[in-house]
Q: 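Here you go, one structure.
Keep in mind that this is a model prediction, so the values were computed, not measured.
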Amino acid sequence: MIVLLAAATLLTARPMVLIYQERVLEFTNTDNNIMVDAQMAKGLDAVGKVVPIVWSMNEPHIAAAVKSGAIKDWTQTPSHGDVFKVARAIDAEYVAIVQVLRKGGELNANIDLFRNRGGRSVWDNKVTVSIIRDGKLDAESGGMSIASTWVAQLDTIPFKNLPAQPALPTPDPGAGQITPNTNVQVDKTPLENARKAEKEGHWDAAVSLYRDAVDANPTSPEPRHGLIGALRQGGHPFLAAEEAARAYELMPDRSEFLVDAARSWIDGGQPAKAFEKIQEALAKNPNDGAALAIFGDMLMGRLEFDRAVESYSKAIAAGPTGDLYFKRAQAYALSGQFDKSVADMDQANKLGSQADPAVALQRYRENVKVLAPVFESLDISIKNLLTDAKAGTNIKSGADKLAARITAFLAYLDKMQAPAMHSKSHEERGLALDLLMQATAALQRYSSEGGTGLGDADLLQIEAMREFATSTSSFEEEIKGSYSR
């Protein structure tokens, strides 16, 4: 696979640059990270001197390397060492690590460009931007300004002597994964044969046959949906988005094509365009369950958990599914409403969201991602109570409320039904949470009786974080072990 990518690079003489944007997790109501990686990639692609690759599983080069085994481990929050490993796997010559954070009325941004071989820094830049509109920081315009500034500087400084070349073609997704049928004959039953090719995973054949079916009946929704789905599955999200837009132009009463377009833009790592299409779909049909579900997913990504709950609730009203109840359970958990989260988990299980072992495993792993920031939030609450108690503040009410939250969180954890391969890390995670509960109980004793409660709570809180770190490490090892089997 690496040989294929290297050969493609040599043909175009256009080096690749892997762009990874670091995100900082802060316990605030809004996400202070302003994403500029996709905008940078779009700008660099237009300049034409390098091939920009955004850190995403939806990137064709990365997806192809994962499928071929060149990339064995993948995470959305890698170390810098992991970023360089992936860059080597896809034969990227440069690595750009960027970060943009909202600080009050300003955006603070920095970028470091490295040569992949040797990890040598070749250029860096720090910039502060403040674009005020109607008396408030315009973060979106500020992010676009930062991205365009960096693209211009990259073009004129580190990439100054690189020639502009045609775009690097999408790589083959890996030998043995998909066997294209290069002799697809147009026949009298293209739709039926397209479904057959799709079922067998022959996406190129399915695309060709679905196109025949679309040509035979341009205003029929079924072959259009099939074509869009085959393009997405075949690793062509932008073509899928264009096809969905074309279908909506021909059939403006079918808002589901706007949903298809949004899904495709998400696959292609273009959340802003996806957000635009979903809002257009909801304006057309406010009760569209599929659009509401995707809108909820986007709000989760923006850390707007209350709005996500509202969107999932509307989607459930339009047509309840186990998947929707599961997603709302996550949103409830992240907002600290564990009693409601447990109820939704029960309902999700009743509707069969955990019936398929593969689905159950994926659901569990998604839940673990939810637990990390929630656990850290509870830990910070204990630290704040310790600080208040040492300052002589009455903490009884706060300790009681925290104890109720942790008790509800323990009930949520019990509902997760860990797969066998994750039983060890699940038990360790439960122990960490139990230690947090003991620390909170010590604070409650101190608020009522005084004595040594503060010291006990301090030690138990430290042990809880150690145990949670152990569970996180075990979980990562369990995932690696599942890939190696």
Side-chain angles (χ1 to χ4, degrees), residues 31 57-58 76 221 225 228-229 232-233 237 240 244 254-267 271 274-374 408-409 411-419:
D31 184 5
M57 276 290 290
N58 293 320
Q76 283 297 113
H225 284 303
I228 295 163
R232 287 180 61 208
Q233 292 290 341
R254 307 299 295 251
S255 61
E256 67 265 26
F257 287 118
L258 293 171
V259 178
D260 285 340
R263 288 194 180 106
S264 301
W265 285 124
I266 290 172
D267 290 346
F275 200 77
E276 175 186 329
K277 290 298 178 185
I278 282 298
Q279 288 181 311
E280 190 177 345
L282 289 173
K284 188 85 175 180
N285 181 4
N287 298 317
D288 186 328
L292 287 163
I294 294 176
F295 191 53
D297 294 344
M298 292 181 176
L299 292 170
M300 286 283 282
R302 295 181 174 209
L303 306 183
E304 297 182 43
F305 306 127
D306 290 339
R307 291 185 67 196
V309 165
E310 181 183 353
S311 190
Y312 288 141
S313 297
K314 290 179 180 177
I316 289 170
T321 65
D323 190 56
L324 284 172
Y325 275 107
F326 177 83
K327 288 181 176 182
R328 193 173 69 174
Q330 287 188 308
Y332 275 136
L334 281 167
S335 61
Q337 301 180 69
F338 299 111
D339 52 343
K340 293 181 179 179
S341 183
V342 169
D344 271 5
M345 288 285 283
D346 286 339
Q347 192 64 26
N349 291 333
K350 287 178 183 177
L351 291 176
S353 71
Q354 303 283 342
D356 185 338
V359 172
L361 178 62
Q362 182 62 28
R363 289 284 180 264
Y364 178 82
R365 289 178 176 176
E366 288 178 9
N367 248 341
V368 169
K369 294 176 185 177
V370 169
L371 297 184
V374 175
F409 193 11
Y412 177 79
L413 195 64
D414 288 341
K415 293 287 183 182
M416 284 182 58
Q417 301 176 11

Q: Does any part of the side chain of R263, heavy atoms only, come nearer than 4.5 Å to the side chain of D260, both counted from C-beta?
A: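 A side-chain contact exists here, since the closest heavy-atom pair is under 4.5 Å.
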Q: Any chance you could measure L292, atom CG, to K314, atom NZ, to the nearest 0.5 Å?
A: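 NZ of K314 is found 7.0 Å from CG of L292.
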Q: A293 and Y312: which non-hydrogen atoms are nearest, and at how many Å?
A: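 Scanning both residues completely, I find the closest heavy atoms to be O-CE2, 3.5 Å.
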Q: Classify the ring geometry of F295 against F275: parallel below 30°, tilted from 30° to 60°, perpendicular beyond 60°.
A: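 Rings of F295 and F275: tilted, 30 to 60°.
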Q: For G296 versus S311, what's the shortest heavy-atom pair and its separation?
A: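 That would be N-OG, 3.5 Å.
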Q: Report yes if the side chains of F257 and H225 come closer than 4.5 Å at any heavy-atom pair, otherwise no.
A: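 Yes, at least one pair of side-chain atoms sits under 4.5 Å.
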Q: State, to 0.1 Å, how close A262 and I278 come at their nearest heavy-atom pair, and which atoms those are.
A: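 Taking every non-hydrogen atom into account, CB-CG1, 3.5 Å.
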Q: Please identify each residue that fulfils side-chain contact (heavy atoms from CB on, under 4.5 Å) with P286, with sequence neighbours left out.
A: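 For P286 there are no side-chain contact (heavy atoms from CB on, under 4.5 Å) partners, ignoring immediate neighbours.
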Q: Going through the distances and angles, do E280 and K284 end up as a salt bridge (charged side-chain N to carboxylate O under 4.0 Å, His left out)?
A: CA-CA 6 Å; E280 190 177 345; K284 188 85 175 180; over 6 Å; no
Q: Between atom CD of Q279 and atom CG of L258, what is the distance when rounded to the nearest 0.5 Å?
A: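 Spacing of CD (Q279) from CG (L258) equals 12.0 Å.
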Q: Mind listing the closest non-hydrogen atom pair of V259 and A290 along with its distance?
A: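 Closest pair (atom of V259, atom of A290, distance): CG1-CB, 4.1 Å.
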Q: Let me confirm one number: the CD-NZ distance from Q330 to K327, rounded to the nearest 0.5 Å.
A: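 Atom-to-atom, Q330:CD and K327:NZ are 8.5 Å apart.
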Q: Please examine the side chains of F326 and T321, heavy atoms only from C-beta on, and report whether any two atoms are closer than 4.5 Å.
A: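 Not touching, per the 4.5 Å side-chain cut-off.
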Q: Could you report the tightest heavy-atom contact between I228 and A240, atom names first, then the distance?
A: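 Heavy atoms only, the tightest pair is O-CB, 3.7 Å.
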Q: Not counting sequence neighbours, which residues clear side-chain contact (heavy atoms from CB on, under 4.5 Å) with N285? List them please.
A: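 With sequence neighbours excluded, N285 shows a side-chain contact (heavy atoms from CB on, under 4.5 Å) to S255, N287, D288, given in chain and number order.
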Q: Determine which pairs satisfy salt bridge (charged side-chain N to carboxylate O under 4.0 Å, His left out) with at least one residue from residues 337-348, sequence neighbours left out, and list them in order.
A: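 Counting only pairs at least two positions apart or across chains, the salt bridge (charged side-chain N to carboxylate O under 4.0 Å, His left out) contacts touching residues 337-348 are R328-D344, D346-K415.
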Q: Write down the atom of S341, the atom of A329, and the distance for their closest heavy-atom approach.
A: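 Reported closest heavy-atom pair: OG-O, 2.7 Å.
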